[in-house]
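Read through the structure below, which is laid out as C-alpha cells, and then see the notes.
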Amino acid sequence: MTTDATTDSSTDSAPERYQPRAIERRWQARWEQDDLYRTPDHVEGKQNRYHLTMFPYPSGDLHVGHWFAMAPSDTLARYFRMRGWNVLFPMGFDAFGLPAENAAFKGGMHPKDWTDANIVRMRGQLKAMGATFDWSREVNTSLPEYYRWTQWWFVQLFKQGLAYRKHAAANWCPVDNTTLANEQVVDGCCERCGAVVEQREMEQWFFRITKYAEELLHNEDLDWPEHVKLMQRNWIGRSEGAEVAFALEHPTADGTDEVRVFTTRPDTLHGVTFMVLAPEHPLVDAITTTEHADEVLAYKDRAAHATEIERLSTEREKVGVFTGAYCINHLTGDRVPIWIADYVLASYGTGAVMAVPAHDERDFAFATKYGLPIKVVIAPPDWDGQPLEAAWHDEGTLIASKQFDRMSNVEAKSAIAGYLAEQGWGGPTVNYRLRDWLISRQRYWGAPIPMINCPDDGLVPVPEDQLPVMLPYDVEFRPTGQSPLSLSEEFVNTTCPQCGKAARRETDTMDTFMCSSWYYMRYPDAHNDEQPFSRAAADAWLPVDQYTGGSEHATMHLLYARFFYTVARDLGLVPEGEPFTRYFSQGQILGPDGRRMSKSRGNVVAPDDQVEKWGADCFRAYLMFLGPWDQGGPYDVDSIVGVSRWLNRVWTVVTNPPALVEDAAGARDLRRLAHTTLAKVTEDIEEKRFNTAIAAMMELTNAMQRLRDEGHADAAAWTETVDLLTLMLAPPCPHVAEELWERAGHAYSVHQQSWPEYDPALTVRDTVDIAVQVNGKVRDRISIAPSADEATARAAAEASPRVADHLVGKQVVRVVFVPERLLNIVVR
RNA sequence: GCCGGGGUGGCGAAAUGGCAGACGCAGCGGGCUUAAACCCCGCAGCCGCAAGGCGUGAGGGUUCGACCCCCUCCCCCGGCACCA
C-alpha cells in the first residue's frame with residue numbers, strides 16, 4: 001500500500017485517514033490470491049446453500065442497476081456464510097443476443113469479439129464490487145462448451161415431443177428482423193426496440209410449455225413475492241368452460257362437418273344467434289360461399305395487414321363479414337350464420353367463438369351493428385321481455401333453454417357442459433391463455449438449433465456426440481430477415497445422421513432465454529464436458545435457495561426456468577420441486593431526476609466514477625441505505641456523502657478510540673446498545689431490510705463517537721463493541737471490515753468468522769420512558785422501571801403537573817396501560 | 001376496464017394498533033482552522049412570543065388510542081387487457 005503525500009501522515013499524533021480505494025485494492029488482491037471465495041461442493045460440518053443473482057448481459061459496462069441488484073444480494077450471501085452455511089454464489093454472462101449484432105453492425109466489430117471484450121471489462125468491474133462470487137464456476141453462454149449443452153437441451157425436448165416445428169403466424173419485429181416470443185411483445189411492440197410488431201406466416205420452432213400450464217399455474221407454495229406469482233398466474237390464464245361442436249349445414253369438400261368453439265358460458269348456449277371465426281381459421285376458405293368469396297377475401301387481406309396494435313385495441317369498432325355459411329346448434333336445432341371478424345383470435349381456444357349477444361358485450365355490439373338477432377336466455381331481475389339495452393352478464397335464471405329453464409345459470413354451466421358430453425357434442429374443458437414458446441430466431445448471435453432436415457428422413461436431431469453444432473465465425477451476419485446461417489453453404493450443407501445422404505442444417509438460432517433457462521443448473525458443475533451437469537452436483541446444490549433479480553422477468557425468464565426445471569425433473573436430472581425456492585425482486589434504481597436512467601435522458605450515474613470517488617464499500621452501503629430494496633428509488637448523488645461520513649466515523653472511532661478505562665456503568669450502557677443493535681441488524685438482514693440495518697449501525701457508531709468525545713470508555717465493553725461492529729460491517733462493507741479486523745489484531749479473515757449471537761440479557765434496560773396520555777393526547781413522558789405495574793405508572797403519571805392539570809375536575813373512566821409503552825388515562 | 005404496489009417534513013425514508021418523522025441529505029447556528037476542505041457539537045414537521053393547536057393524499061367509520069384495520073373517492077407506479 002502506498003502512502004500519498006498527505007501532510008498528516010508525517011506527524012505522530014495525527015490519525016491515519018480512511019482511504020477506501022487503497023484498502024479495497026489491497027484486500028481484493030489478497031482475497032483473490034487466497035481463493036477465499038472458492039466454494040467446494042461439500043464442506044465437512046456445513047450445509048450447502050445456493051444464492052443466486054440474475055447474471056448480466058455483457059452490454060459493455062456494469063451500470064448502477066447491476067450494483068443495486070448485486071450488492072445487497074452479495075451482502076445476503078456473506079451473511080449466510082457467516083451463519084455457518086457453505087454458500088455458493090456464482091456469476092456469469094448471458095452472452096448471446098441481439099445487441100452484440102446490432103453494436104457489431106454499427107461499430108464494424110464481430111459480435112464475438114465485441115462480447116468477449118465486454119466480458120473482460122465487466123468481469124473487472126464485478127470484481128471491483130468486492131463480491132463473494134466464486135469465479136471458478138463462471139459460465140459464458142456463448143462459448144461452445146456451454147451452448148453445446150443448450151443444444152443438448154433442445155435435443156432432449158425434441159425427443160420428449162416438447163419441441164416441434166410449425167407453420168404459423170409469428171410475431172415479427174421489422175427492425176430487429178426476427179421473430180419474437182409472445183412474452184417479448186409488449187403492447188403490440190417489440191420489447192427490445194419498440195418497433196410495431198407485424199404478423200408473418202413462417203416455419204418456426206416451438207416448445208410445448210402449454211403442456212405444463214396447469215403445473216406452472218400452481219406456484220402458491222413458492223416463497224416468492226405475491227405480485228410476481230400473480231403475474232405468472234394471470235399470464236397462464238386458466239379458464240374453465242366447455243368445448244361445443246356445431247354441425248356445419250354443408251360439410252366441406254374434405255369431409256369436415258363441424259365447427260368447434262370454446263366458451264366459458266355454456267349456460268348461454270341456447271342464446272347463440274351467430275358464430276364468428278378468426279379470419280385465419282382453417283375452415284374459412286372451405287365454407288365461404290361463392291357470392292361472399294370476394295368480400296371474405298378482402299376482409300382477410302385487411303386483417304392480415306392490421307398491426308398487432310390495431311388488432312389489440314379494445315376501442316376499435318368490431319367489424320366482420322358474413323361467409324354465407326351456416327351451422328346448426330345441436331341444442332336448439334337453430335340455423336346459425338357464420339361470420340369472420342378479427343376480434344376473434346386464431347391462437348386462443350379453437351379460433352372460433354359462439355356469439356351470444358344478449359349476454360356478452362362484444363357480441364352485443366357486433367349484433368347491433370349488423371342487425372343480428374339478440375336472444376335472451378338469462379332473465380335479468382324484473383325483466384319485462386323488452387329488448388335489452390346492453391348485454392346482461394350477471395347471474396340469473398335460465399329461460400328459453402328447454403329442459404334447463406328455471407335453473408340458475410351457475411348450475412346450468414356444468415349441467416349443459418355435462419349434457420354436451422353425454423350427447424357427444426363437446427363437453428367441459430379448460431383453456432389457457434399461455435401459448436407455446438416460439439424459440440427460433442432469424443439472427444446470427446445465438447446457439448444454432450441442432451436439427452438437420454433430410455429429404456428422406458425429415459427432421460433429424462444432431463446426435464448428441466456430435467454436439468456442439470458450432471456457430472461459424474466467418475458469416476455475413478447483417479440482419480436481413482433471412483437467417484444469416486442460411487447464407488453459409490459450408491454451414492448448411494451436411495449429411496443426414498440416419499441415412500448419410502446430403503441434407504441441410506436448420507439455420508435459425510435459439511432465443512437467448514433458452515440459455516438462461518438452465519444456467520443455474522450449470523454453475524454447480526460448470527466445467528463438466530460429459531454432461532450438462534452431474535446428478536451429484538445437482539443434488540449438492542439444487543434447487544436455488546435464494547434467487548434475486550428484477551420482476552420484469554416474471555413471465556419470461558422466471559416462467560421459462562420453471563418450465564425447464566420441470567422437464568429436467570421428469571428426465572431425472574435434478575431433485576424434486578421448483579428451481580427457485582425463494583425469490584426476491586429488487587426495485588429499480590432511477591436517475592437523480594427520478595426517471596429511468598438512460599443515455600438519452602442524460603441522467604446516468606456511472607458506478608465506476610462513484611466507486612473511485614467514495615469506495616466500493618460506501619457505494620454498496622449507499623445503495624442499500626437509500627430505501628427498501630424491493631422499492632428501488634432515485635439515486636441521489638448528494639446523499640451518498642452521508643454514508644461516506646458514517647464509514648469515516650467508523651474508521652475514526654475504531655482506529656482512534658477514547659481512553660480505555662474501567663467503568664461498570666458505562667460498560668452496561670455500551671453493551672446494551674451494541675447487543676440491541678446486533679439483534680436489530682440480524683433481524684433486518686434476514687428480512688432483507690438493509691436500509692434499517694445500516695441505520696442501526698449508524699446509531700451505534702454515533703454513540704461510540706459521543707464516548708470518544710467524552711474521552712473515555714470501559715475497555716472491555718469498548719473492545720467488544722468494536723468487534724461486533726466490525727463483524728456486522730463485514731457483509732455490507734467487506735473491505736473496511738477486513739481492514740479494521742486486521743488492525744484489531746484478529747486473525748485473517750473477518751469473512752471466515754461466525755456471525756455473532758446477541759445476548760438478550762444484555763439488552764434489558766433499567767428504566768423505560770413511557771408516554772402518558774389523557775384522552776389519547778400525549779401530555780408528558782415519564783421514566784419508570786420496565787417491570788412497573790399500572791398502579792406504579794399511574795402514581796408516577798399523576799405526580800406530573802403536566803398530566804395533573806388535565807385531570808383537575810375530571811372523572812377517570814378508564815385507564816389503559818401498555819407496559820414499556822404508554823399509559824392512557826381516559827377522563828370525562 | 002380488471003389485478004397488484006404505493007401516496008408520511010424541503011428531499012430519501014422510519015414506525016404494521018400504543019410517544020409520527022429513527023437514520024441520512026439539504027438548511028441554519030456554533031467549534032476546530034491563518035483560511036478552505038475534512039471533521040466535531042447543537043437546532044430543526046407546520047402555525048404560534050408562549051401556552052397551546054394542527055399534522056401521515058381527501059372524506060367518513062371502528063377503537064381508550066389509527067400512517068397502520070374497514071368503507072367511499074382522488075393521484076402516481078407496475079402488470080394484464082377483444083383470451084370468448
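Here is how names work: the chains are called A, B, and so on, in the same order as the sequence lines, proteins then strands, and each is numbered from 1. Because only heavy atoms are used, hydrogens play no part in the values below, and waters and symmetry mates are left out as well, while side chains stay in.
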Modelled atom types, side-chain donor and acceptor of [X] and [Y], under 3.5 Å:
X	Y	result
A:R435	A:T210	no
A:N702	A:R649	yes
A:T701	A:W646	yes
A:Q586	A:D630	no
A:S239	A:N431	no

Atom pair distance, as rounded to whole Å: [atom1] in [X] and [atom2] in [N]:
X	N	atom1	atom2	answer
A:I640	B:C11	CD1	P	22 Å
A:F625	B:A14	CZ	C1'	10 Å
A:K680	B:A22	NZ	P	14 Å
A:I589	B:A13	CD1	C1'	14 Å
A:R689	B:G24	CZ	C1'	19 Å
A:L647	B:C39	CG	P	12 Å
A:L626	B:A14	CG	P	10 Å
A:M697	B:G24	CE	P	13 Å

Output the single nucleotide from [options] whose closest atom is nearest the side chain of [X].
X	options	value
A:R433	B:A22, B:A84, B:C80	B:C80
A:E699	B:G4, B:A84, B:A22	B:A22
A:Y348	B:A84, B:C23, B:C38	B:A84
A:R779	B:C38, B:C80, B:G53	B:G53
A:A695	B:C64, B:C23, B:G79	B:C23

Using both distances under 3.5 Å as the test, list the Watson-Crick or G-U wobble partner of [N], or none.
N	result
B:G65	none
B:C2	B:G79
B:C54	B:G45
B:C38	none

Which whole number of Å gives the distance between the [atom1] atom of [N] and that of [M]?
N	M	atom1	result
B:G6	B:G18	C1'	25 Å
B:C75	B:A81	P	24 Å
B:U16	B:G21	C1'	16 Å
B:A22	B:U56	C1'	15 Å
B:A36	B:C43	P	24 Å
B:C46	B:C39	C1'	33 Å
B:C23	B:A13	C1'	8 Å
B:C67	B:G45	C1'	15 Å

Hey, what are the protein-to-nucleotides 41-46 of chain B N/O distances that come in under 3.5 Å?
none

Using ring-ring contact (aromatic ring centres under 6.0 Å, His included) as the criterion, point out the one residue from A:Y622, A:F68, A:W67 that pairs with A:Y635.
A:Y622

When we call it a touch if two heavy atoms are under 4.0 Å apart, what does [X] touch: a base, just sugar-phosphate, or nothing?
X	result
A:P634	nothing
A:W646	nothing
A:V353	base
A:V641	sugar-phosphate

Does [N] have OP1 or OP2 sitting under 4.0 Å from an N or O in the side chain of [X]?
X	N	result
A:R645	B:A26	yes
A:Y343	B:A84	no
A:N691	B:G12	no
A:K777	B:C54	yes
A:S239	B:A84	yes

Output yes when a side-chain donor or acceptor of A:K369 lies under 3.5 Å from a complementary backbone atom of A:K318, and no otherwise.
no

From OG1 (A:T273) to CE (A:M354), nearest 0.5 Å:
10.5 Å

Using nucleotides 18-21 of chain B, report all nitrogen or oxygen pairs with the protein that are shorter than 3.5 Å.
unit_1	atom_1	unit_2	atom_2	d
B:C19	O2	A:R781	NE	2.1
B:C19	O2	A:R781	NH2	3.2
B:C19	N4	A:D769	O	2.8

For RNA chain B, whose closest nucleotide is more 5', that of A:N775 or that of A:G237?
A:N775

Does A:Y432 or A:G642 map to a spot on RNA chain B nearer the 5' end, using the closest nucleotide for each?
A:G642

Is the A:Y348 ring parallel, tilted or perpendicular to the A:F262 ring (thresholds 30°, 60°)?
perpendicular

Inspect the contact between A:R794 and A:E798 and indicate whether a charged nitrogen and a carboxylate oxygen are less than 4.0 angstrom apart.
yes

Side-chain ion pair, A:E820 and A:R765, N-O less than 4.0 Å:
yes

Whether over 12 other heavy atoms sit under 6.0 Å from [X] [atom1]:
X	atom1	answer
A:E214	CD	yes
A:R821	CZ	no
A:E240	CD	no

B:G48 glycosidic torsion: syn (within 90° of 0) vs anti:
anti

Shorter than 3.5 Å, N or O on both sides, protein versus nucleotides 5-8 of chain B: list them out with atom names.
none

Aromatic ring proximity A:F366/A:F274, centre distance under 6.0 Å
yes

